[in-house]
Amino acid sequence: MPALTTTSDGFLLHGEPFRIISGALHYFRVHPGQWADRLRKARLMGLNTVETYVPWNLHQPDPDGGLVLDGLLDLPHFLRLAQEEGLHVLLRPGPYICAEWDGGGLPGWLTADPDIRLRTSDPRFTGAVDRYLDLLLPPLLPHLAAAGGPVVAVQVENEYGAYGDDTAYLEHLREALRSRGVEELLFTCDQADPGHLAAGSLPGVLATGTFGGKIPDALAELRAHRPEGPLMCAEFWIGWFDHWGGPHHVRDTADAAARLDELLSAGASVNIYMFHGGTNFGFTNGANHYHAYAPTVTSYDYDAPLSEHGDPGPKYHAFREVIARHAPVPDEPAPAPAAKLPPTPVALDRRVPLLPQVAALSDPVPAEHPPTMDELGLRSGYALYRTAAPVGGDGLLHFSGGIGDRAQVFVDGAPVGVLERERHDEALPVRVPRPGAALDVLVENMGGVNYGPRIGAPKGLLGPVSFNGTELRDWLCHPLPLDDLAALPFTPDATTTSTGPAFHHGTFDVATPADTFLALPGWTKGQAWINGFHLGRYWNRGPQHTLYVPAPVLRPGRNDLVLLELHGTTGTQAHLTPAPDLGPEKS
Ligand code: GLA
């Protein structure tokens, strides 16, 4: 008998009436040194439960390798901390998680197979899922409620009704969980629409909804779909995420609080999405692609009650008041904002240009025609494609099939243009000074599509490249995952501006580590690391203009900042500032 069961209109936990008041907190978007702090703040807001997805792509980076379960991916540790805080956990292991996460959590090695029918009962897909669950579930079973752990419910797939209608696939997933020892309550979640609910749910499995407004209508849809059972909003959207080049989305606090009150007054259970959004560190952000490709920014602040940096915002206090009307809230003071580092300038005074260094970073793969990044086995980062132009002159460089997702083109090392998937670019006018001139194409994977039919769309050069109709052949392809920068031969460089892709290094001193935000005025676009921790992508296109630096990344004394700047700078200083700048707000 699972710990959490359902009645005709609600839940029982260990036989006692129970209402789930949960908030989403993705452990993989928060530095592990801050998990305990965020969980405590969840309890203090009045939550009795937290919800997390599980990102398959990070936990199983290699199809034949084991499970990665350390550092930011130490899910058992996160579950132990949740339990210590007295919180229950809703677990959402996918296999697909959406979540504005690279590829919706589906591993690149899986989506690289163009024939596989993702999220269906195609045995190539379910076989891979089964092998993953064989690895994932044994270390998690001790943390399920049946074994005395905090996990009281487990989700099957994610918003499946928005994607497909292969009920046999959902049944396969249910059996895959059950046969591996998951006895807890299972649930599906779908947008509150009759078609989605019908295609995405399973008989005997709790059906929940995802919505942020029109509460009576959404609850009525759920009730129409399931005449009996608990009503639950499994994703109550209280904010939203941002794309590069778009606004910073915010949601009015009073409106979100009023809708939460409406949900709780109706007797429904809730999972606030997000309680604490955190950050898409490293190369982990996803992207949308409807009419055009739109990558998600590094911050996943989500305008959530607890900000990206873990401080309570207006929604934290408003939601706490609303929850207190319906359930006991701890009789302890609300948390205060965390200390911030004092403003600290960082001089970046050592440099190494990228293009001459690619051989030090990776062995080249020769190819007659340019392979995609997926064919190169590269899951994230950049690839440099290098060849020689067979003829000179003015003309059009044509990339048939386009590029994924952004390409910088260099002739004899000089930048000659940029192509972007967002703009459907396929051609660039260039002047090639002579036959045999060096042609470099640096391609950036800006994040895998996480929603809809384009999940798994390839990256890199997506077809043959020609100059004035003559195909360019004999490429050297350098995969640049940038997961180890130790070999970079930085040298002191006193120039105050710079152009072209280059790594820049600087140091700064810290007395007591505290949260801070990296601001890069005058810099254009690239990646940032502090003490080897990959903070993620920056881009002066905005909306986001600072990157969150979690306190545990810093150490007392000397600290290192490394930037990969893809274009140019007007100065060579960075700034650590005490406040974030996520851009102009739009509600
Ligand atoms: C859906 C998905 C989530 C997330 C939200 C938007 O509800 O289930 O993973 O993508 O949309 O933030």
Side-chain angles (χ1 to χ4, degrees), residues 22-29 50-58 90-106 118-119 153-164 170 173 187-193 195-197 199-201 207-215 218 221-222 232-243 246-251 256 259 263 270-280 284-290 294-305 308 315 447-455 582 586-587:
S22 171
L25 194 182
H26 302 154
Y27 59 98
F28 47 92
R29 284 182 155 130
V50 290
E51 168 269 298
T52 185
Y53 282 123
V54 181
W56 181 6
N57 61 334
L58 293 194
L90 308 176
L91 199 66
R92 309 214 278 168
Y96 162 77
I97 64 170
C98 194
E100 290 68 71
W101 192 250
D102 188 24
L106 298 182
L118 303 172
R119 305 177 68 194
V154 178
Q155 187 181 315
V156 178
E157 246 280 349
N158 188 70
E159 285 193 340
Y160 186 64
Y163 182 84
L170 293 182
L173 292 182
F187 66 103
T188 55
C189 91
D190 279 287
Q191 290 160 39
D193 161 276
H196 286 229
L197 284 163
S201 57
T208 67
T210 58
F211 49 91
K214 298 195 178 141
I215 306 297
E221 288 294 358
L222 278 178
M232 172 152 181
C233 178
E235 283 182 32
F236 174 49
W237 300 317
I238 50 66
W240 206 244
F241 54 93
D242 301 336
H243 293 131
H248 170 45
H249 292 94
V250 294
R251 176 162 180 194
R259 300 290 82 75
L263 258 176
V270 66
N271 174 50
I272 295 164
Y273 193 95
M274 298 292 299
F275 159 66
H276 172 48
T279 308
N280 297 314
T284 59
N285 66 280
N288 291 95
H289 194 152
Y290 300 106
T296 300
V297 302
T298 303
S299 170
Y300 200 62
D301 178 84
Y302 219 86
D303 197 28
E308 178 184 12
K315 284 196 186 90
V449 171
N450 59 265
Y451 186 80
R454 288 188 170 92
I455 295 168
L582 296 179
K586 183 188 161 205
S587 46

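Order of listing sets the numbers, starting from 1, for every ligand and every atom in it.
Remark: the S299 side chain and the E308 side chain contain an N/O donor-acceptor pair separated by less than 3.5 Å.
Of all non-hydrogen atoms in H243 and V297, the two that sit nearest each other are C-CG1, 3.5 Å. Closest non-hydrogen pair, R92 versus C189, comes out as NH1-SG, 3.5 Å. Listed here is the closest heavy atom pair of G277 and R29: O-CD, 3.3 Å. Minimum interatomic distance between L90 and M232 (heavy atoms only, all atoms of both residues): CD1-CE, 3.8 Å.
Every residue two or more places apart in sequence or in another chain that forms a side-chain contact (heavy atoms from CB on, under 4.5 Å) with P247 is listed here: H249, K586.
Near ligand 1, heavy-atom contacts under 4.0 Å come from Y53, I97, C98, A99, E100, N158, E159, E235, W237, W240, F241, Y273, Y300, Y302.
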